[in-house]
Amino acid sequence: MQDTRELTKKIAELKKERNAVILAHNYERGEVQDIADFVGDSLELSQKAVELDADVIVFCGVNFMAESAAVLSPEKTVLLPELDARCPMADMVRVEPLRSLKQQHPDAALVCYVNTTAEIKAECDICCTSANAIEVVKSLEQKKVIFVPDKNLADYVARNTDKQIILWEGYCPTHNQILPIDVRRVKNLHPMAEVLAHPECRHEVLEMADRICSTTGMVNYVRKSGSSEFIIATESGLLHRLNKENPHKKFYEVSPYTMCPDMKMIDLKAVVDSLEHMRYVITVPEDIRLRAKKSLDRMLAIKRKR
Ligand code: 13P
Ligand code: SF4
């Protein structure tokens, strides 16, 4: 078994050899975040995929994220170190039932959360992430909006816009199982702590939050906040970055069950193997890629507000 130092050295050598950059989502294992060139939320990672000057992107995240990079930057080789790292919520929506819903509401715009496959993005008018969902929906001309696949994010958007939202019954298993009782339990132990919640959480949990934002939204908020304690209602991987960047502040997990197994599949050995054997290359058929790119490009044209 190689140690972290050895693996890190090997990754640096291979990166140079391949002219590669490593992108990691805020939920990835701490050791993977530490060797990445850039760590961020879904929106930032999509933006980076476009801006980067590299031949190879090693995407440490889940399948839909690597797919988005492949859609946006077809000239680069996009590698996902673990092929099984998929988002269960993204797999809760399929093309045929989505097309029939669309047919039932021909006057509605179709918005897809970035946590969808490229095939689903290709069906949509515009994408959004948790950082810009409200802005994206507000930017639409249509009064009626079909929003897939996260019912909790759709509900959050519906409450913060004047649109009629038709939601899909999808959800993130990690966020959806966070309950008000979890928040109350930690809040009783740390009454001065501010509660930060991700909009993939249920409405009852969001109602208890001092701040609702994406993962990087939380990082930015904590940096500026005068508070010194925070209860974090999102996937546990974010705690690594929060602790690292704010050594004098305290962070509490909302419950011990906020780990997304898919976000923890990639380790340093998998990154080495990925660069060494150039695996697993993520590609998207050209007809789907071009249509999915339209949805992503429309989203990226809307400037980030938070
Ligand atoms: P962010 O939008 O904060 O990246 O979170 C989305 C998510 O759950 C990624 O799986
Ligand atoms: Fe999907 Fe939730 Fe895991 Fe993110 S945390 S990859 S939304 S299951």
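All ligand and atom numbering here is 1-based and tracks the order in the structure.
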Quiz item: Can you tell me if Arg291 uses its side chain to pair, donor with acceptor, with the backbone of Ala118 under 3.5 Å?
Solution: no
Quiz item: Should you measure from each heavy atom of Ser214, which atoms of ligand 1 turn up under 4.0 Å away?
Solution: 3 (O)
Quiz item: Is a donor on one side and an acceptor on the other found under 3.5 Å between the side chain of Asp262 and the backbone of Arg86?
Solution: yes
Practice problem: May I ask whether Glu200 has any heavy atom positioned less than 4.0 angstrom from an atom of ligand 2? | Solution: yes
Self-check item: Region of Asn115 engaging ligand 1 - heavy atom pairs below 4.0 Å
Solution: side chain
Quiz item: So, Asn19 side chain and Ala54 main chain: donor-acceptor pair closer than 3.5 Å or not?
Solution: no
Quiz item: Is there at least one pair of N or O atoms, one from His198 and one from ligand 1, spaced under 3.5 Å apart?
Solution: yes
Practice problem: For the pair Gln177 (side chain) and Thr174 (backbone), establish whether a donor and an acceptor sit closer than 3.5 Å, ignoring hydrogens and angles. | Solution: yes
Quiz item: Would you say Ser42 has any N or O atom under 3.5 Å from an N or O of ligand 1, going by distance alone?
Solution: yes
Quiz item: Is ligand 1 less than 4.0 angstrom away from at least one heavy atom of Met65?
Solution: yes
Quiz item: Are any of the side-chain heavy atoms of Glu235 and Thr258 separated by less than 4.5 Å?
Solution: no
Quiz item: Among protein heavy atoms, which lies nearest atom 2 (O) of ligand 1, and at what distance?
Solution: Ser130 OG, 2.6 Å
Quiz item: Is the backbone of Ser274 close enough, under 3.5 Å, to the side chain of Arg279 for a donor and an acceptor to pair up by distance?
Solution: no
Quiz prompt | N or O pair under 3.5 Å between Thr215 and ligand 1 | solution = yes
Quiz prompt | Neighbouring protein N, O or S atoms of atom 1 (Fe) of ligand 2 [cut-off: under 2.8 Å, no waters] | solution = Cys87 SG
Exercise. Spell out, as yes or no, whether a donor-acceptor pair under 3.5 Å connects the side chain of Ser295 to the backbone of Cys127.
Key: no
Quiz item: Is it true that a side-chain atom of Lys294 and a backbone atom of Ala122 form a donor plus acceptor pair closer than 3.5 Å?
Solution: no
Exercise. Not counting sequence neighbours, list each pair that qualifies as a salt bridge (Lys or Arg N to Asp or Glu O under 4.0 Å) and has a residue in residues 66-78.
Key: none
Quiz item: Hey, is the main chain of Leu242 close enough, under 3.5 Å, to the side chain of Glu245 for a donor-acceptor pair?
Solution: no
Exercise. For a side-chain contact (heavy atoms from CB on, under 4.5 Å) with Asn63, tell me which candidate from Asp91, Thr117, Asp84, Ile282 qualifies.
Key: Ile282
Exercise. Take every heavy atom of Met263, measure it against each atom of ligand 1, and state whether any distance is under 4.0 Å.
Key: yes
Practice problem: Could you find the nearest protein heavy atom to atom 8 (O) of ligand 1 and give me its residue, atom name and distance? | Solution: Glu200 OE2, 3.0 Å
Self-check item: Under 3.5 Å: donor-acceptor pair, side chain of Asn220, backbone of Gly217
Solution: no
Practice problem: Determine yes or no for a side-chain-to-main-chain donor-acceptor pair under 3.5 angstrom, with Thr234 supplying the side chain and Ala197 the backbone. | Solution: no
Quiz item: Out of Tyr171, Tyr27, Phe64, whose heavy atom is nearest to atom 4 (Fe) of ligand 2?
Solution: Tyr27
Quiz item: Which ligand 1 atoms, with their elements, are less than 4.0 angstrom from a heavy-atom of Tyr113?
Solution: 6 (C)
Quiz item: What do you reckon, does Asp41 have a nitrogen or oxygen under 3.5 Å from a nitrogen or oxygen of ligand 1?
Solution: no
Practice problem: Report yes or no: does His25 have a heavy atom closer than 4.0 Å to ligand 1? | Solution: yes
